[in-house]
There are 2 protein chains.
Amino acid sequence: MTESPAALTVRARTAYHHGDLRAQMIAAVRDLVETHGPEGFSVAEAARRAGVSSAAPYKHFKDRAEILRGVVGEAMDRLRTAMETGAATYPAGSVEAVAAVGLAYISFARTEPGVFRLSFGLTEGHENDPDLQAKGERTFDVVVRCAAACLGLPPEDRHVQTCAYMLWCFAHGHSFLTIDNKRSTADSRIDDWTYLLTAARAILGQPVRG
Amino acid sequence: MTESPAALTVRARTAYHHGDLRAQMIAAVRDLVETHGPEGFSVAEAARRAGVSSAAPYKHFKDRAEILRGVVGEAMDRLRTAMETGAATYPAGSVEAVAAVGLAYISFARTEPGVFRLSFGLTEGHENDPDLQAKGERTFDVVVRCAAACLGLPPEDRHVQTCAYMLWCFAHGHSFLTIDNKRSTADSRIDDWTYLLTAARAILGQPVRG
DNA sequence: GGGGTAAAGTTAGCAACTCTTACTTCCCGG
DNA sequence: CCGGGAAGTAAGAGTTGCTAACTTTACCCC
């Protein structure tokens, strides 16, 4: 907050002895969750990896659940930007742009299944966190805007909202079923892009009702 | 108690001291998972509820994960029968029958979110269990048969498989987003039935491609 | 009935984990 | 240079997963 060595002070405020343990904990947890599954994570092990005592993390996080929330919050940000850049690679208003958003979603789930599961499947206490809920809404807005552009309707339109939600359902379900290995071998032969494009066309091609 | 007829002997084989601890453990775990979330379950607490020592469950289950697998297996059976009876309430081949299957799926998720999450979201070691995988396939077959009847094609048809999978994705995603409280208030105003019927029409109404 | 056997339960205990408390170390502003 | 506070440590309470060694119980066969 003091302005003398502006940028450095801000960094030093959180760095200190160790060098921003908060960020390093989140990184360590991400790694653990990815390699050992969302359950196979412990504060103790993450602290060990960060090279600090097992009590140190509690100076930065209230409890275990808050660490998870930190990881999820950071993941949500990355997911949203991935979706936005995905949409930007196709003409605004095209079905392809919608499918690209879904592809970004599924790619995230594929490359970081642990964190993805953590973000959605688990309810270790972050199910009603207002901060994360807000981030979730912002992420959903990306889908809404793309659907609106594609349908030529304002984002507030009820039909747009419904379609966007249906698209989200589809991508979400597909992501989970894929990383949970629940798909039969027959399903796995078709690639994500075909699936997404087909779904987007099916859902957005519907007549406006109600 | 000592009757020595065959039927009683079979029961006594599993009953014994306590009265089928295996089943009581599964019931206790179901209850715990439902009230405290999928994470907030411990073998110790479940044993406490069943009125036995914390080591007793290990006479029936290899480890914690096997207990979970037991719960999931039992849940899968109930889910499948619910889906089958759902389909049976509408004329075979109707879109409504397909939607009813989805409704059974979502209703299960709504009434038993903990067990549902346990069955799908978590990967505590049951992700590759062949027994559960087989049960999963049988459950999916219900969707496939309904979709086939609706499309007037054999269940082995590629298009049927794809449509069934898409329907599953939708129901699965909708279930998770609902129980995870990820839906915006706008979405929650539409009921499950309308959603499902719309989705089924959109997906099954697609032209046969490939 | 009386013993052998195996299932089902017990207590005791280890290692690991979460989180708290009390103490130490280090940086920074006045 | 010194006091305050942030960031760390060590030690410990309490819970958990699971194992080992033991006891109790019901059944089978003679």
Side-chain angles (χ1 to χ4, degrees), chain A residues 1-26 28-29 32-33 36-71 122 124-126, chain B residues 1-26 28-29 32-33 36-71 122 124-126:
Chain A
M1 304 304 181
T2 47
E3 277 301 315
S4 342
L8 260 179
T9 305
V10 173
R11 170 168 291 271
R13 179 83 49 186
T14 55
Y16 231 88
H17 285 128
H18 179 271
D20 202 356
L21 179 58
R22 184 186 162 93
Q24 274 203 239
M25 278 295 293
I26 289 185
V29 169
L32 276 174
V33 161
H36 295 81
E39 326 298 314
F41 137 78
S42 72
V43 179
E45 177 63 26
R48 220 169 286 134
R49 291 208 179 186
V52 296
S53 75
S54 63
Y58 294 95
K59 297 287 173 180
H60 297 265
F61 302 93
K62 177 174 149 278
D63 57 4
R64 187 187 139 97
E66 190 168 298
I67 303 179
L68 269 337
R69 256 174 283 159
V71 175
L122 260 37
E124 278 225 38
H126 69 257
Chain B
M1 310 258 174
T2 51
E3 263 299 305
S4 74
L8 262 177
T9 305
V10 173
R11 168 168 288 274
R13 179 91 41 191
T14 56
Y16 235 96
H17 286 125
H18 179 272
D20 202 357
L21 178 59
R22 184 185 161 92
Q24 273 201 243
M25 277 296 293
I26 289 185
V29 169
L32 275 174
V33 161
H36 296 81
E39 327 299 314
F41 137 78
S42 73
V43 179
E45 177 63 26
R48 220 169 285 136
R49 291 210 180 184
V52 295
S53 76
S54 63
Y58 293 96
K59 297 288 173 180
H60 297 266
F61 302 92
K62 177 175 149 279
D63 57 3
R64 187 188 139 98
E66 190 168 299
I67 304 179
L68 270 336
R69 257 175 280 158
V71 175
L122 259 36
E124 280 224 37
H126 70 257

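Numbers restart at 1 for each chain; the letters A, B, ... are given by sequence-line order, proteins then strands.
- When all heavy atoms of Met25(B) and Phe61(B) are compared, the closest pair comes out as CB-CE1, 4.0 Å.
- Proximity of Asp63(B) to Arg69(B): side-chain heavy atoms (C-beta onward) are separated by under 4.5 Å at one or more points.
- Base engagement by Ser53(A) is indicated by at least one non-hydrogen atom pair under 4.0 Å involving a base atom.
- Residue His60(B) places none of its side-chain N or O atoms closer than 4.0 Å to OP1 or OP2 of dA7(C).
- In this structure, Glu39(B) and Glu39(A) have side chains that are in contact, with non-hydrogen atoms separated by less than 4.5 Å.
- With rounding to whole Å, Phe61(B) atom CZ is found 15 Å from dG9(C) atom C1'.
- You'll find that the side chain of Leu21(B) is closest to dG9(C), out of dC18(D), dC17(C), dG9(C).
- If you measure from atom CE of Met25(B) to atom P of dG9(C), you get 11 Å, rounded to the nearest angstrom.
- Atoms NZ (Lys59(A)) and P (dT24(C)) sit 14 Å apart, rounded to a whole Å.
- In this entry the distance linking OH of Tyr58(B) with P of dG13(C) reads 19 Å, nearest Å.
- Residue Arg22(A) has no polar side-chain atom (N or O) positioned under 4.0 Å from OP1 or OP2 of dA6(D).
- Put simply, CZ on Arg64(B) is 9 Å from C1' on dG17(D), counting in whole angstrom units.
- One interatomic measurement links the two molecules: CG of Leu68(B) to P of dC18(D), which rounds to 10 Å at whole-angstrom precision.
- Listed pair Arg48(A) / dC17(C) meets the phosphate criterion, a side-chain N or O lying under 4.0 Å from OP1 or OP2.
- Ala55(A) comes within contact range of at least one nucleobase, with a heavy-atom separation under 4.0 Å.
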